[in-house]
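In what follows, chains are A, B, ... by sequence order, proteins preceding strands, each numbered from 1.
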There are 2 protein chains.
Amino acid sequence: MNPDALRGHMDALLLSVLEREPLHGYAIIEALQERSGGALNVPTGTVYPALRRLERIGYLSSEWATVGGRKRRTYRLTDSGRKQLEGERSAWRQFTTVIGGVLRADTTGTT
Amino acid sequence: MNPDALRGHMDALLLSVLEREPLHGYAIIEALQERSGGALNVPTGTVYPALRRLERIGYLSSEWATVGGRKRRTYRLTDSGRKQLEGERSAWRQFTTVIGGVLRADTTGTT
DNA sequence: CCTTCATACATAGGTTGTCTACATATAGGG
DNA sequence: CCCTATATGTAGACAACCTATGTATGAAGG
């Protein structure tokens with residue numbers, strides 16, 4: 001998966017995996033792998049800064065927890081983030097429609 | 001349309017509009033607008049450098065023409081570019097499948 | 001004539017998100 | 001003791017897209 005292709009869609013992915021339940025960064029990376037059938041291997045250097053950014057914007061909130069001697073920062077969707085996720089989904093649909101339409105370009109039979 | 005979303009898909013768009021016939025930069029911009037129903041307004045500062053990049057890579061070739069006193073640089077797909085377009089299309093399908101799958105995440109009824 | 005708009009190309013510099021590489025730390029198995 | 005899995009994080013590189021600006025021609029209108 002070309003890294004550049006992810007540009008601008010990372011937020012939607014992160015918000016989406018957090019929709020059902022709060023998760024910590026490492027678990028988010030695993031969730032993305034699983035849900036994508038292994039296609040999405042997002043490095044920590046991408047995920048952690050992105051999560052912080054989303055929290056700063058107000059789409060996520062976080063709190064520390066210690067599980068089995070290891071510290072985790074667990075992120076959860078805020079109301080604002082849940083609303084944003086809706087927006088991301090509709091933006092995604094529009095995006096795929098527009099780009100897909102240009103790429104298909106079946107305009108063979110113009111006349 | 002969020003600019004970042006286009007990242008990594010610009011090449012596919014450009015190659016795609018050049019599939020049927022050679023076009024010059026200005027006409028390419030107009031073609032993208034038309035084919036996207038006005039959704040895609042790609043600035044010249046994006047298109048011209050991108051076309052040069054694609055030519056440098058070998059996906060496009062260009063030649064100058066003068067039409068009505070105005071100079072045009074007309075780009076056409078090379079064989080390599082045509083092959084690349086196929087690759088871009090299949091990459092696009094894979095991309096939408098993967099991201100779309102994660103975004104949907106209808107995994108409401110587990111178990 | 002002169003202004004304005006559409007056509008047509010081009011680049012310098014800024015922005016920003018993703019990646020690579022590295023650093024740190026604990027738990028558990030061999 | 002070492003290695004792996006778990007877990008978080010940052011610094012700096014990179015690349016693509018955008019903004020802003022510059023040039024030049026032709027046609028239309030006043």
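Put simply, the side chain of A:Arg72 and the base of D:dA7 share no donor and acceptor less than 3.5 Å apart.
Whole-Å rounding puts the B:Tyr48 OH to D:dA24 P distance at 16 Å. As rounded to whole Å, 17 Å separates atom P of D:dT25 from atom OH of B:Tyr26. In this structure, CH2 of A:Trp64 is placed 7 Å from P of D:dT8, rounded to the nearest angstrom. For A:Leu51 and D:dA7, the CG to P distance is 15 Å, given to the nearest whole Å. If you measure from atom CG of B:Asn41 to atom C1' of D:dT19, you get 15 Å, rounded to the nearest angstrom. To the nearest angstrom, P of D:dA7 lies 16 Å from CD of A:Glu63. Here the P atom of nucleotide D:dC14 and the CZ atom of B:Arg7 are 15 Å apart, to the nearest Å. The nearest whole Å value for the distance from the CD1 atom in A:Ile29 to the C1' atom in D:dG9 is 11 Å.
Using a 4.0 Å heavy-atom distance criterion, A:Arg73 is classed as a sugar-phosphate-only contact. Nucleic acid contact for A:Gly45: base, since at least one base atom lies under 4.0 Å from a heavy atom of the residue.
In this structure, the nucleotide among D:dA7, D:dG9, D:dC17 sitting nearest to the side chain of B:Arg53 is D:dC17. When distances are taken from the side chain of A:Tyr75 to each of D:dG9, D:dC17, D:dT19, the shortest belongs to D:dG9. Side chain of A:His24, nearest nucleotide from D:dT8, D:dT19, D:dT10: D:dT8. Among the nucleotides D:dA20, D:dT10, D:dC17, the one closest to any side-chain atom of B:Leu6 is D:dC17.
Along DNA chain D, the nucleotide nearest to B:Gly68 and the one nearest to A:Pro49 differ in position, and the one closer to the 5' end is contacted by A:Pro49. Between A:Met10 and B:Ala27, the one whose closest nucleotide on DNA chain C sits nearer the 5' end is B:Ala27. The residue among A:Asp4 and B:Val67 whose nearest nucleotide of DNA chain C is located toward the 5' end is B:Val67.
Nearest heavy atom pair, residue B:His9 against residue A:Ala5, reads NE2-O, 3.7 Å. In plain terms, the two heavy atoms of A:Glu55 and A:Ser62 that are nearest each other are OE2-OG, 2.9 Å. In terms of heavy atoms, A:Leu85 sits closest to A:Ala12 at CD1-O, 4.1 Å. Across every non-hydrogen atom of A:Thr44 and A:Pro49, the tightest pair is O-CD, 3.7 Å. In terms of heavy-atom proximity, A:Phe95 sits nearest to B:Leu6 at CE1-N, 4.5 Å.
Checking the phosphate oxygens (OP1, OP2) of D:dG9, a side-chain nitrogen or oxygen of A:Arg52 falls inside 4.0 Å.
Side chain of A:Arg35 to main chain of B:Gly101: no donor-acceptor pair is present (N/O by atom type, distance under 3.5 Å, no hydrogens or angles).
The side chain to side chain contact (heavy atoms under 4.5 Å, CB included) test with A:Leu18 is passed by exactly one of A:Ile28, A:Thr74, A:Leu13: A:Ile28.
Of the inter-residue distances, the one linking A:Thr78 atom OG1 with A:Arg82 atom CZ reads 8.5 Å to the nearest 0.5 angstrom.
Taking every nucleotide of DNA chain C with any atom under 4.0 Å from a non-hydrogen atom of chain B, the first and last of them, 5' to 3', are C:dA6 to C:dG17.
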